[in-house]
Number of protein chains: 2
Amino acid sequence: MQVLSASQFFLVSDVLSLCIAAFAAASLFFWFGRSQVSSHYKTALTITGLVTFIAFYNYWRLFDSWDATYTVVNGVISATGVPYNQIYRYTDWLLTVPLLLIELILVMRLPQAETISRAWKLGSAAALMILLGYFGQVSGANDSAPRLIGGVLSMIPFLYIVFALYSGLGEAIERQPETARGLVRLARNLTVVAWFFYPIVYFLPFVVSFDGGTITTVIQIGYAVADLTAKVIFGLLIYTIAVRKSEAEGMKA
Amino acid sequence: MQVLSASQFFLVSDVLSLCIAAFAAASLFFWFGRSQVSSHYKTALTITGLVTFIAFYNYWRLFDSWDATYTVVNGVISATGVPYNQIYRYTDWLLTVPLLLIELILVMRLPQAETISRAWKLGSAAALMILLGYFGQVSGANDSAPRLIGGVLSMIPFLYIVFALYSGLGEAIERQPETARGLVRLARNLTVVAWFFYPIVYFLPFVVSFDGGTITTVIQIGYAVADLTAKVIFGLLIYTIAVRKSEAEGMKA
């Protein structure tokens with residue numbers, strides 16, 4: 001196990017706990033918001049709340065798993081030998097990443113056939129990206145060849161998604177009504193920027209040593225910030241877009 | 001560890017447990033109340049309930065952490081060596097203090113641009129205040145220089161918030177309709193009075209010794225009273241304001 005100080009251990013605990021509360025609160029906020037948008041945007045808000053709800057669940061699991069890895073007694077930290085199960089992150093992403101793309105497509109209120117086709121393509125690509133990353137992650141040590149191959153392969157759907165968000169969906173964004181266009185563009189850009197954090201962390205061990213308490217602490221906090229950005233802040237943008245478009249369209253709930 | 005008597009230990013446990021129930025009940029009350037106010041005030045009540053919900057979660061964590069610090073067997077109390085994690089208070093405040101200011105702004109129903117600008121300014125100042133206090137809190141012993149510096153720095157956003165509540169927002173309060181003005185003023189004043197408790201506790205160890213069971217017990221109960229006041233009683237004022245204004249405006253739900 002890495003050499004972690006007691007204060008680093010508690011810092012990660014506290015950040016995981018903050019995420020649990022923030023994700024749960026976000027879900028409730030989005031679901032209560034359903035009554036404040038027109039029927040066309042209710043499903044987008046349902047799914048926005050599901051994403052943070054799934055994250056709430058998985059962060060609870062991460063918190064408990066982290067808590068089991070160390071004990072601190074009279075200020076002295078010792079590893080219990082129980083591993084920290086980071087795979088909860090992958091089981092989270094496998095569900096939430098396709099849903100995040102679907103909530104963005106839904107709030108755009110495209111023609112039905114276009115919604116279904118784009119949701120299938122982007123959703124499947126996102127699931128494939130996470131699965132390939134998962135197989136890489138579990139197949140070997142932090143700097144092993146199978147892990148590298150899984151990561152490189154998962155970059156293919158990743159780059160396809162980024163391309164699709166700027167080409168096909170990009171054109172659809174430019175057709176959004178004036179009141180929402182800037183916010184939809186911002187939501188799309190925020191997603192892409194936040195998502196770049198994940199492959200960076202994945203590939204980092206091939207460049208620098210991943211042992212040591214400081215890097216562990218930085219990565220756990222980095223994931224938390226990236227998840228809060230990609231799910232809660234992104235979700236607040238989706239909520240704002242749904243409210244503005246409902247108002248602009250005369251809010252026939 | 002401090003020398004705590006068994007009865008002091010149980011007193012703090014019981015107060016923490018009372019808070020868990022009170023915060024959960026308050027959330028449900030505010031959320032049920034959403035259907036009794038006009039659409040303009042629903043978001044204020046959603047957020048009022050989220051503040052007590054986040055407090056409910058963090059008091060549950062505080063209760064479990066407190067419970068792990070001591071055992072009482074056959075009337076004899078002994079410290080387990082596991083620390084009491086007070087940082088749950090900071091992770092709570094980091095989310096709830098900005099939200100408390102936002103619920104006050106939302107219930108005032110100011111023009112949209114003014115709402116957004118005031119929410120951003122007060123919310124960011126509140127988050128900065130808590131973060132500086134947090135860094136002070138974790139950086140050293142109860143009477144160390146870094147802790148003093150963190151505390152003094154966090155007083156800058158604190159005083160800015162108090163100033164803003166009485167100058168800029170104070171003017172906006174005077175523009176509130178007759179039926180609500182007194183209550184909004186009261187909510188503002190209650191916030192400021194309740195909030196003064198927190199820096200007093202923070203700076204107290206620089207004046208008197210912080211060891212001993214009595215001071216620990218007094219501080220835990222003091223925090224509980226301050227949190228119940230700033231979140232539940234404040235929330236009840238927000239609820240009353242929302243109901244009165246909905247009635248005065250003809251309640252077009």
Side-chain angles (χ1 to χ4, degrees), chain A residues 5-38 45 49 52 56 59-60 63-64 67 70-78 179 183 217 221 224-225 228 232 236 239-240 242-244 246-247 251 253, chain B residues 1 27-28 30-35 38-62 64-65 68-69 79-96 98-99 102 112 116 130-131 134-135 137-140 253:
Chain A
S5 73
S7 61
Q8 287 171 334
F9 172 70
F10 285 120
L11 178 57
V12 173
S13 283
D14 296 337
V15 169
L16 292 173
S17 175
L18 176 93
C19 289
I20 292 172
F23 286 129
S27 288
L28 292 163
F29 181 80
F30 298 135
W31 291 335
F32 280 123
R34 289 177 77 260
S35 69
Q36 285 152 277
V37 299
S38 85
L45 290 191
T52 47
F56 153 74
Y59 266 79
W60 199 296
F63 179 93
D64 282 354
D67 201 50
Y70 294 94
T71 53
V72 178
V73 177
N74 295 322
V76 178
I77 184 165
S78 38
T179 40
L183 284 173
T217 308
I221 294 171
V225 172
L228 288 171
V232 178
L236 288 170
Y239 169 82
T240 310
V243 169
R244 289 226 186 143
S246 297
E247 281 166 3
M251 176 69 184
Chain B
M1 282 309 282
S27 288
L28 292 166
F30 298 135
W31 291 333
F32 282 123
R34 288 177 77 257
S35 67
S38 86
S39 59
H40 305 295
Y41 303 107
K42 287 192 198 297
T43 308
L45 290 192
T46 302
I47 292 179
T48 306
L50 288 181
V51 165
T52 47
F53 172 77
I54 294 167
F56 155 73
Y57 168 79
N58 282 297
Y59 266 78
W60 199 297
R61 290 269 179 223
L62 284 170
D64 283 352
S65 178
T69 55
T80 58
V82 175
Y84 177 46
N85 189 0
Q86 292 243 44
I87 298 302
Y88 292 126
R89 298 198 178 281
Y90 286 83
T91 54
D92 180 273
W93 297 331
L94 186 58
L95 297 173
T96 55
L99 290 176
I102 290 169
Q112 199 184 28
I116 295 172
I130 303 300
L131 279 176
Y134 165 79
F135 287 122
Q137 177 74 25
V138 296
S139 64

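Just so it is clear: chains get the letters A, B, ... in the order the sequence lines come, proteins before strands, and each one is counted from 1.
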Flag this pair as yes if the NZ/CZ of B/Arg34 is under 6.0 angstrom from the six-membered ring centre of A/Trp31 and inside a 45 degree cone about the axis; otherwise no.
-> no

With a 4.5 angstrom heavy-atom cut-off, which part of A/Phe10 approaches chain B: side chain, backbone, both or neither?
-> side chain

Go through the atoms of B/Asn58 and report whether side chain, backbone, both or neither lie under 4.5 Å from a heavy atom of chain A.
-> side chain

All heavy atoms of B/Thr91 vs all of A/Leu18, minimum pair found to be O-CD1, 3.3 Å

Looking at A/Leu28, A/Val72, A/Thr71, which one has more heavy-atom pairs under 4.5 Å with chain B than the rest?
-> A/Leu28

Looking at CZ of B/Arg61 and CG of A/Asp14, how far apart are the two atoms once the value is rounded to the nearest 0.5 Å?
-> 10.5 Å

Do you know the tightest heavy-atom contact between A/Ala21 and B/Ile54?
-> CB-CG2, 4.2 Å

From the list B/Asp92, B/Ile87, B/Leu94, the residue making the most non-hydrogen contacts under 4.5 Å with chain A is B/Ile87

With a 4.5 angstrom heavy-atom cut-off, which part of A/Ser17 approaches chain B: side chain, backbone, both or neither?
-> both

Is there a donor-acceptor contact under 3.5 Å linking the side chains of A/Gln36 and B/Thr43?
-> yes

Part of B/Ile47 within contact of chain A (heavy atom distance under 4.5 Å) | side chain

Tell me, for A/Ala24 versus chain B, whether the close heavy atoms (under 4.5 Å) come from the side chain, the backbone, both or neither.
-> both

Could you state the interatomic distance from OH (B/Tyr57) to CH2 (A/Trp60), rounded to the nearest 0.5 Å?
-> 5.5 Å

